[in-house]
Every structure is written in C-alpha cells, then in structure tokens.
Amino acid sequence: KERLEKELSELSSAHLFLKKERDSLETELKEFQKKNLVNTLRDENCQLQAKVEELSGVIKDHQHEVKSLRDQNNKLLSKLDRQRQINSDFRKEVDRVANQISTLDQPNDEHPSFDLGNKRILIVGGIIKFEAFYRKLIEERGGIFEYHDGYMNGGSNGLENMVRRADVVLCPVNCNSHNACSMVKRLSKKYEKPVNMLGNSSLSSISQALFEYQKMVSV
C-alpha cells in the first residue's frame, strides 16, 4: 500500500509537471501565431522558390548561349582550317607563277619574245589575285592592260565598254562564270573584236595566246 501510495504521488507530480509544460507550449504557440511567423516563413519559402525558378531560367539561357558560342567557334575553326589550306595552295601557286614569269622573261623557242605594239589587251576572269602578274606580262611586252574579274552582279555595261575599246579579248574559261563567258562571246561578235577562250588562266597560256595574236596582226 505504501509503495502504491508513493507511486501515485510520483505520478501526480509528473502529471502536474506535464500540465505546466503543456500550458507553457500552448502559450508559446499562441505567441508564434500572434507574430505570424508561420505565414512569414511560408511567404519567404515562396519567394525563394520563385527565385530558384528565375535562376534556373537564367542558367538555361546561359547554357544555350554557351552551346551557340561553341557551335560558332567550331565553324570559325573549320573556316580557319579551310583558309589556311587556301593560303597554302595560293603560296604554291604564287611560287609556280613566279617560276613561269622567270621563264617568260627569258625568251626561247617555247616562249619567244614579242612586242604587242601598244595594243589594248582585255583579260576577263582568271585568278583575281594574279591580276598584277597579268599586268606585268602584258605591259612589259608593250601592251595596254585591262582587267574584268568576270563577276556580272553589276550588269554588263562595264564589260561592254571594255570589250568595245579592246584590241583583243582573252577569256580563261576554267576560272570564270558561264554568264561572263557567254557575254564575252556575244560582245566580241557585236564589236568584231578578236577573242580567245583559253582553257586555263596560267601565264603560259596567256603568253602563248598573245604571241599568236601578235603573229596574226603582224602578217
């Protein structure tokens, strides 16, 4: 009986303590509710979620931009490789042309010396970057040099004026537009100008054509 009474007393004390603890928690909860802490935390959480979504969108935009820049970079690298190859081929062609010029400057049976006698020579097409070489070849042999690149985007008036005042027209077909070649043939016929449609644009071919023209007019 005494043991049970003691346990009952202890339980009563524990019950009283728990009751006080419950009352204290209820008071604290009421204070939290009064201060709207729960609502404040909920609002902050919503704001953070919105910020996360916004940053996710920014990250995706940056990822797309990075991918686009990588694609552009790869294209530029590809163009750079092609340009390097073009430059390499051009240097080889320049060396070949330099050798041709050296050969042409030394008359022989294959490349005889001749004088164009102040005739106006029009070259249509060919390698644009070799215009200076074409000029040197013609002017050093007493001719008047004129050049048209063969592009007809600006119309045919410029080419027609050149053909009309030329004494002879040379038109390499391998480095030329079909439209330019057709126009040269038509204009040369219209103005009764001798025209030579060359198989290639090498200095040797042009030199040989000029030599044949000089022989023809000298007869």
Side-chain angles (χ1 to χ4, degrees), residues 1-100 124-134 147-159 172-183 200-203:
K1 180 181 177 181
E2 290 177 354
R3 181 175 62 79
L4 291 174
E5 288 177 349
K6 183 179 180 180
E7 290 178 358
L8 180 60
S9 177
E10 290 175 354
L11 289 172
S12 296
S13 297
H15 175 71
L16 182 61
F17 173 79
L18 291 173
K19 184 177 178 182
K20 290 180 179 180
E21 186 70 16
R22 185 197 65 184
D23 292 341
S24 176
L25 290 172
E26 287 178 350
T27 301
E28 187 176 355
L29 178 60
K30 288 178 181 179
E31 290 178 358
F32 273 109
Q33 290 175 340
K34 287 180 181 180
K35 294 179 180 179
N36 292 323
L37 288 179
V38 173
N39 292 334
T40 300
L41 291 174
R42 185 180 294 112
D43 292 340
E44 290 181 355
N45 183 58
C46 291
Q47 291 176 3
L48 288 173
Q49 287 180 344
K51 190 66 176 179
V52 168
E53 291 178 359
E54 179 183 351
L55 291 175
S56 297
V58 172
I59 290 173
K60 288 181 179 179
D61 291 340
H62 282 304
Q63 288 174 339
H64 288 309
E65 184 176 356
V66 168
K67 183 179 182 301
S68 177
L69 290 173
R70 284 176 178 170
D71 291 341
Q72 292 179 17
N73 185 59
N74 290 333
K75 290 179 180 178
L76 289 174
L77 288 174
S78 178
K79 288 183 179 179
L80 179 60
D81 289 338
R82 289 198 299 271
Q83 188 60 47
R84 284 174 176 168
Q85 183 61 46
I86 290 172
N87 290 343
S88 176
D89 294 341
F90 179 69
R91 283 193 294 269
K92 293 177 181 178
E93 186 66 14
V94 167
D95 291 339
R96 186 180 68 81
V97 170
N99 291 331
Q100 286 184 351
V124 181
I127 301 174
I128 296 175
K129 293 182 179 180
F130 287 177
E131 180 181 350
F133 297 117
Y134 299 148
Y147 182 74
H148 190 286
D149 57 20
Y151 292 101
M152 306 300 295
N153 296 334
S156 62
N157 289 338
L159 178 58
V173 297
N174 66 324
C175 291
N176 220 332
S177 67
H178 177 73
N179 190 20
C181 292
S182 299
M183 186 65 64
N200 63 71
S201 56
S202 70
L203 291 177

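- For the atom pair CD (Q83) and CG (L76), the distance works out to 12.5 Å, reported to the nearest 0.5 Å.
- A distance of 16.0 Å separates NZ of K75 from CG of L80, quoted to the nearest 0.5 Å.
- Listed by chain and number, the residues in a side chain to side chain contact (heavy atoms under 4.5 Å, CB included) with E5 are K1 (sequence neighbours excluded).
- Annotation: side chain of L18 is not in contact with side chain of R22 (no heavy-atom distance under 4.5 Å).
- Ion pairing between R3 and E7 holds under the 4.0 Å rule for side-chain N and carboxylate O.
- Contact between V124 and G150 at its shortest, heavy atoms only, is CG1-CA, 4.2 Å.
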Pairs of donor and acceptor atoms involving the side chains of residues 58-68, under 3.5 Å and at least two apart or interchain, shall be tabulated with distances.
residue : atom : partner : partner atom : Å
K67     : NZ   : D71     : OD2          : 3.3

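- In this structure, T27 contributes its side chain and D23 its backbone to a donor-acceptor pair below 3.5 Å.
- The backbone N or O of L159 lies less than 3.5 Å from no partner atom in the side chain of S156, so there is not a single donor-acceptor pair.
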* With side-chain contact (heavy atoms from CB on, under 4.5 Å) as the test, would you mind laying out the steps for Y134 and L203 before giving the verdict? => CA-CA 7 Å; Y134 299 148; L203 291 177; 3.5 Å; yes

* What's the verdict on side-chain contact (heavy atoms from CB on, under 4.5 Å) for Q72 and L69, showing C-alpha distance, side-chain angles and the deciding distance? -> CA-CA 5 Å; Q72 292 179 17; L69 290 173; 4.2 Å; yes

* Step by step, would you call N74 with S78 a side-chain contact (heavy atoms from CB on, under 4.5 Å)? -> CA-CA 6 Å; N74 290 333; S78 178; over 6 Å; no

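- The closest side-chain donor-acceptor pair between S202 and N200 falls under 3.5 angstrom.
- Residues forming a side-chain hydrogen bond (donor to acceptor under 3.5 Å, both in side chains) with S13 (at least two apart in sequence, or on another chain): none.
- For the pair C175 and S201, the tightest heavy-atom approach, listed with the atom from each and the gap, is SG-OG, 3.7 Å.
- Put simply, CD on Q47 and CG on D43 are 6.5 Å apart, with the number rounded to the nearest 0.5 Å.
- To the nearest 0.5 Å, the span separating CG on D149 from CG on N176 amounts to 9.0 Å.
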